[in-house]
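Reading through the structure tokens given below for one structure.
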There are 2 protein chains.
Amino acid sequence: MVISARVHYACVAMLELAIQSDEGSPVAIREIADRHGIPGPFLVQILRSLRALGWVQSIRGSHGGYRLSVDPAGITLLDIAEAIGSQEAGCRTEANSTPIAGMLQKQWDDAAEASRSILGQATLSRLVDKARHGDETMFYI
Amino acid sequence: MVISARVHYACVAMLELAIQSDEGSPVAIREIADRHGIPGPFLVQILRSLRALGWVQSIRGSHGGYRLSVDPAGITLLDIAEAIGSQEAGCRTEANSTPIAGMLQKQWDDAAEASRSILGQATLSRLVDKARHGDETMFYI
DNA sequence: TTGATACTTGACTAAAGAGATCATATTTAT
DNA sequence: ATAAATATGATCTCTTTAGTCAAGTATCAA
């Protein structure tokens, strides 16, 4: 699975919003963009997509910004990558024409599934905890 | 890890050569291309790359073609993908600028490593066995 | 009511990579 | 000789990626 800059930025933004969700005031795009060196107008595009997905809400006007509008425990990096990124993982060959192609396709699928499994376990809430408590290894039941 | 058509074709070709390595006569590009619906001139390009890697050898002239020049047990799909494909797995962000970016980078790396692990176990010889003996599950020590 | 701040929207562009395609040359068996 | 193969370098089109721009709209605060 190739993670584009777009997907990476989307994850950065979602994490920033998750971290700052305690404070009442919304977070401005500029703040996130400046802190992470992301081109502002590009981040605007990305947040529009996230809003279309219903994952963030926007507050217009002065002192406006964005707020997370979902439970951070319910969104994983995989969700974001699949929603924002266009690039499929693995390889989609047309109609396993030959036994060899079919066998290879299965390997590509297995490899892609392995990546997806990792990213599917990384919820925003876990990552926020990780970011807050430093690098200590954490155990979950 | 995104598997391009180029990588997929390269793997098909290597498997074909591995399967037909018993017979003395080399395999023509046309034969592989026709059997799998691969554009001939494109496959030529790919076999050139494989030859440059020292994995196949070419025999020119009439009745010429290609032959595997390495042990099929020593080459995996990962080797081929990394040698032929240009696209890196995961995501390379520049110099983990922030804690959040660094944390994400680690997730991208973990996901990429999971894919690589799967493809790294798929040697040509195993796949050839699989292709020959049908779909029976095989056990290796 | 006016200005500053911040989001909204749609269009646009440059660069890179993917996936071929083509023409021409060279080698070898028969 | 000639047919069958590979060798080589150039070129081409299409899609995606990453980013930019301009003009509009909403809200707050003085």
Side-chain angles (χ1 to χ4, degrees), chain A residues 1-13 16-17 20 24-34 36-53 55-69 81 84-94, chain B residues 1-13 17 24-34 36-53 56-67 69 81 84-94:
Chain A
M1 172 162 264
V2 166
I3 302 301
S4 60
R6 185 181 232 90
V7 167
H8 180 75
Y9 293 159
C11 293
V12 168
E16 279 285 1
L17 296 185
Q20 299 190 41
S25 57
V27 184
I29 289 186
R30 282 288 303 278
E31 191 183 327
I32 300 176
D34 288 351
H36 293 89
I38 303 172
F42 193 22
L43 190 53
V44 169
Q45 270 190 13
I46 293 163
L47 279 167
R48 269 171 79 181
S49 304
L50 293 175
R51 194 184 48 142
L53 290 165
W55 291 347
V56 304
Q57 87 184 108
S58 64
I59 293 92
R60 299 181 65 165
S62 185
H63 299 96
Y66 283 86
R67 232 195 298 257
L68 207 63
S69 60
I84 296 295
S86 53
Q87 189 89 268
E88 274 283 317
C91 175
R92 188 70 11 217
T93 63
E94 12 139 334
Chain B
M1 171 162 264
V2 166
I3 303 299
S4 60
R6 185 181 231 90
V7 167
H8 180 74
Y9 293 158
C11 293
V12 168
L17 296 185
S25 57
V27 184
I29 289 185
R30 281 289 303 277
E31 189 183 329
I32 300 177
D34 288 351
H36 292 90
I38 302 172
F42 193 22
L43 191 53
V44 169
Q45 269 190 14
I46 292 164
L47 279 167
R48 270 171 80 182
S49 305
L50 293 175
R51 193 185 48 143
L53 290 163
V56 303
Q57 87 185 109
S58 64
I59 293 93
R60 298 182 66 166
S62 185
H63 298 94
Y66 283 86
R67 233 195 299 258
S69 60
I84 296 295
S86 53
Q87 190 88 268
E88 274 283 317
C91 174
R92 190 63 21 213
T93 64
E94 14 139 334

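What you see is a predicted model; the values in this text were computed from it and never measured. Reminder, nothing fancy here: chain letters follow the sequence lines and each chain counts from 1.
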Could you give the side-chain donor-acceptor pairs of residues 37-50 of chain B under 3.5 Å, partners two or more places apart or in another chain?
residue, atom, partner, partner atom, Å
B/Gln45, OE1, B/Arg6, NH2, 2.8
B/Ser49, OG, B/Gln45, O, 3.4

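A sub-4.0 Å separation between OP1 or OP2 of C/dA20 and a side-chain N or O of B/Tyr9 is present.
Checked against side-chain contact (heavy atoms from CB on, under 4.5 Å), B/Arg67 has the following partners two or more places apart in sequence or in another chain: B/Pro26, B/Gln57, B/Ile59. Scanning for salt bridge (Lys or Arg N to Asp or Glu O under 4.0 Å) contacts around A/Arg30 gives A/Asp34, with sequence neighbours left out. By the side-chain contact (heavy atoms from CB on, under 4.5 Å) test, B/Arg51 pairs with B/Val56, B/Ser58, sequence neighbours left out.
Rounded to whole Å, atom P of D/dT20 lies 12 Å from atom CG of A/Leu43. Here C/dC7 presents its P atom at 12 Å from CZ of A/Arg67, a figure rounded to the nearest Å. As a whole-Å value, the separation of A/Leu17 CG from C/dC7 C1' is 14 Å. Atoms NE2 (B/His8) and C1' (C/dA20) sit 16 Å apart, rounded to a whole Å. Rounded to whole Å, atom P of C/dG17 lies 12 Å from atom CZ of B/Arg6. One can place CG of B/Leu47 at 15 Å from P of D/dA5, the figure rounded to the nearest angstrom. Per the geometry, CD1 belonging to B/Ile38 stands 13 Å off C1' belonging to C/dG19, to the nearest Å. For the pair B/Ile84 CD1 and C/dG17 C1', the interatomic distance rounds to 16 Å; values are reported in whole Å.
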Enumerate all atom pairs, one protein N or O and one N or O from nucleotides 6-8 of chain D, separated by less than 3.5 Å.
residue, atom, partner, partner atom, Å
D/dT6, OP1, B/Ile29, N, 2.9
D/dT6, O2, B/Arg60, NH2, 3.4
D/dA7, OP1, B/Arg51, NH1, 3.1
D/dA7, OP1, B/Ser58, OG, 2.7
D/dA7, OP2, B/Tyr66, OH, 2.5
D/dT8, OP2, B/Arg51, NH2, 2.6

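Taking each heavy atom of A/Ile3 and A/His8 in turn, the nearest pair found is CG2-N, 4.0 Å.
The residue A/Pro39 sits close only to the backbone: its heavy atoms come under 4.0 Å of sugar-phosphate atoms, none of a base.
Between A/Ser62 and A/Phe42, the residue anchored closer to the 5' end of DNA chain D is A/Phe42, taking for each the nucleotide with the nearest heavy atom.
Atom-to-atom distance recorded for A/Ile84:CD1 and A/Leu53:CG is 5.5 Å, nearest 0.5 angstrom. The line from CD of A/Glu16 to CD of A/Glu31 is 7.0 Å long, rounded to the nearest 0.5 Å.
Each of C/dT30, D/dC28, D/dA18 was ranked by its minimum atom distance to the side chain of A/Ala5; first place goes to D/dA18.
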